[in-house]
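Take a look at the structure below.
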Amino acid sequence: MKHLFDELSYSVSKITTQKYSTSFSLGILALKPAIRKAIYAIYGYVRLADEIVDSFHDYDKSKLLNRLKMETENALSEKISLNPILQSFQETVHKYTMDKNLIDQFLHSMEMDLQQVDYNYELYKEYIFGSAEVVGLMCLQVFTNGNNEKYEELKPYAMKLGSAFQKINFLRDLKDDYQILGRTYFPNIDMNVFDNAVKSEIETEIEEEFKEALIGIKKLPSSSIFGVYLAYKYYWSLFKKIKRKSSKEILNNRVRIHNSEKAYVALTSYVRYKTAFL
């Protein structure tokens with residue numbers, strides 16, 4: 001019976017999320033149960049593409065990404081895939097009538113990761129839009145569940161949050177991106193002279209985006225508000241930790257939030273949510 005395969009498919013996306021991101025897994029658990037499956041499906045899909053471009057160094061990444069693109073097209077048109085992650089994703093796309101352009105833009109940014117791109121400001125914005133902002137918009141389409149007016153109202157805030165998350169990822173992963181993958185996303189920056197002043201400029205951008213994103217989080221439907229707020233607080237705690245480090249430190253070590261810190265963030269976030277949001 002097909003519903004067994006569908007259940008398996010969503011389970012694989014859930015396990016993928018739990019394996020790769022404790023923070024997002026806890027954030028999803030804070031969502032209402034009715035929408036958790038869809039967010040697991042979105043995360044599982046984008047993680048699959050991320051792994052191709054970031055981790056599969058002994059394989060033909062371009063060939064694998066093209067195969068994923070083709071299989072995505074087939075899954076969306078046929079409404080079925082034998083790949084469990086793609087199956088749960090296509091089910092979610094159709095259930096929530098997701099904009100196909102968001103998927104195309106995401107895959108375009110993944111293709112950019114296969115090239116040595118010299119990022120100017122426009123390419124930087126293009127990459128962040130496709131790699132992070134559109135993922136936030138996919139999730140927002142789940143959260144608003146067909147309410148186009150609400151979606152359009154919250155769209156700018158979701159994009160700001162996605163952008164802030166991605167820039168924090170850039171700072172957190174600076175060592176691996178630069179030294180292992182040979183990537184530098186920040187525009188017009190010579191990594192040989194990446195100093196505290198440059199780092200501070202990037203952090204100021206992130207703080208402004210966080211401030212704007214919080215306005216939108218408070219306007220989310222009740223089914224999603226705490227889960228998104230919790231993810232926001234996890235990233236805010238990571239950001240504060242990065243801010244306390246020097247440019248030299250983050251170039252040489254990946255900053256992490258330990259599970260005990262995440263537990264504290266979850267507790268304090270829930271108290272804050274109960275007192276300030278409701």
Side-chain angles (χ1 to χ4, degrees), residues 13-31 39-40 42-44 46-57 110 113 127-128 131-132 135-136 139 160-186 189 191 194-196 198-207 209-210 213-214 217 226-273:
S13 291
K14 179 179 179 179
I15 292 167
T16 302
T17 307
Q18 293 169 333
K19 184 71 174 178
Y20 282 98
S21 179
T22 307
S23 298
F24 278 114
S25 295
L26 292 171
I28 293 172
L29 280 177
L31 300 170
I39 305 304
Y40 283 132
I42 292 169
Y43 184 91
V46 300
R47 172 51 59 186
L48 188 61
D50 262 338
E51 286 305 298
I52 290 172
V53 300
D54 287 350
S55 303
F56 297 168
H57 307 309
M110 294 301 97
D113 271 337
Y127 180 82
I128 289 175
S131 64
V135 179
C139 293
K160 288 293 182 183
L161 187 61
S163 177
F165 283 1
Q166 185 64 292
K167 289 172 185 176
I168 291 169
N169 287 341
F170 288 161
L171 288 174
R172 180 196 62 191
D173 299 334
L174 208 56
K175 177 179 180 290
D176 287 349
D177 282 342
Y178 179 54
Q179 296 180 12
I180 298 174
L181 298 174
R183 300 176 190 157
T184 53
Y185 294 104
F186 296 116
I189 291 176
M191 293 303 294
F194 182 80
D195 56 20
N196 288 334
V198 172
K199 177 175 173 283
S200 180
E201 285 181 23
I202 296 166
E203 289 166 348
T204 299
E205 281 181 30
I206 294 170
E207 284 182 325
E209 289 180 333
F210 261 121
L214 186 58
I217 291 172
F226 180 55
V228 178
Y229 180 63
L230 185 55
Y232 168 94
K233 292 297 286 184
Y234 281 139
Y235 264 85
W236 180 252
S237 63
L238 176 60
F239 178 57
K240 287 194 297 183
K241 206 166 187 177
I242 289 171
K243 283 189 72 176
R244 291 194 293 267
K245 305 287 185 182
S246 69
S247 57
K248 184 177 180 181
E249 285 178 294
I250 66 167
L251 270 171
N252 289 290
N253 296 288
R254 191 177 193 266
V255 179
R256 300 177 185 275
I257 298 293
H258 299 294
N259 287 340
S260 58
E261 295 173 275
K262 289 176 184 176
Y264 176 77
V265 170
L267 178 61
T268 55
S269 297
Y270 184 71
V271 172
R272 176 68 176 166
Y273 165 71

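Here the closest non-hydrogen pair linking Ser247 and Asn196 is N-OD1, 2.8 Å. Closest of all the heavy-atom pairs between Ala30 and Phe226 is CB-CD2, 3.4 Å. In terms of heavy-atom proximity, Ile242 sits nearest to Lys199 at O-NZ, 3.0 Å. Minimum heavy-atom separation, Met110 to Ala49: CG-CB, 3.9 Å. In plain terms, the two heavy atoms of Val265 and Leu230 that are nearest each other are O-CD1, 4.4 Å. Closest approach of Ser25 to Thr17, counting heavy atoms only: OG-O, 3.2 Å.
Of the candidates Glu205, Glu201, Glu203, Lys167 forms a salt bridge (Lys or Arg N to Asp or Glu O under 4.0 Å) with just one, namely Glu205.
When the side chain to side chain donor-acceptor pair (under 3.5 Å) test is applied to Glu207, the partners found at least two apart in sequence or on another chain are Lys243. Take Lys248 and apply the side chain to side chain donor-acceptor pair (under 3.5 Å) test, not counting sequence neighbours, and it matches no residue.
Rounding to the nearest 0.5 angstrom, the gap separating the CG atom in Leu174 from the CZ atom in Arg254 is 11.5 Å. In this structure, the separation between CZ on Phe194 and CG on Leu251 is 6.0 Å, given to the nearest 0.5 Å. Going from atom CD of Glu209 over to atom CZ of Phe239 covers 10.0 Å, rounded to the nearest 0.5 Å. The CD1 atom of Ile257 sits 12.5 Å away from the OH atom of Tyr264 when rounded to the nearest 0.5 Å. Within the model, atoms OG of Ser13 and CZ of Arg47 stand 13.0 Å from one another, a figure rounded to the nearest 0.5 Å. The CD1 atom of Ile217 lies 10.0 Å from the NZ atom of Lys233; values are rounded to the nearest 0.5 Å.
Around NZ of Lys245, the count of heavy atoms belonging to other residues, nucleotides or ligands within 6.0 Å does not exceed 12.
You'll find the side chain of Tyr127 reaches within 4.5 Å of the side chain of Asp113, heavy atoms only. Here the side chains of Val228 and Leu161 are in contact, with some heavy-atom distance below 4.5 Å. Between Tyr43 and Val135 there is no side-chain heavy-atom pair separated by less than 4.5 Å. Between Asp50 and Tyr20, every side-chain heavy-atom pair lies at or beyond the 4.5 Å cut-off. Annotation: side chain of Ile128 is not in contact with side chain of Tyr185 (no heavy-atom distance under 4.5 Å). You'll find the side chain of Leu214 stays beyond 4.5 Å of the side chain of Trp236, heavy atoms only. Two residues are said to be in side-chain contact when any heavy atoms from C-beta on lie closer than 4.5 Å; Glu261 and Lys241 meet this criterion. In this structure, Lys14 and Ile28 have side chains that are not in contact, with every pair of non-hydrogen atoms separated by 4.5 Å or more.
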(message) Working note: Tyr229 + Tyr234, criterion side chain to side chain contact (heavy atoms under 4.5 Å, CB included); need CA distance, chi angles, decisive distance, verdict.
(response) CA-CA 9 Å; Tyr229 180 63; Tyr234 281 139; over 6 Å; no
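A tilted orientation is assigned to the rings of Tyr235 and Phe24, their planes being inclined by 30° to 60°.
For the residue pair Ser131/Gln166, the side-chain donor-acceptor check at 3.5 Å is satisfied.
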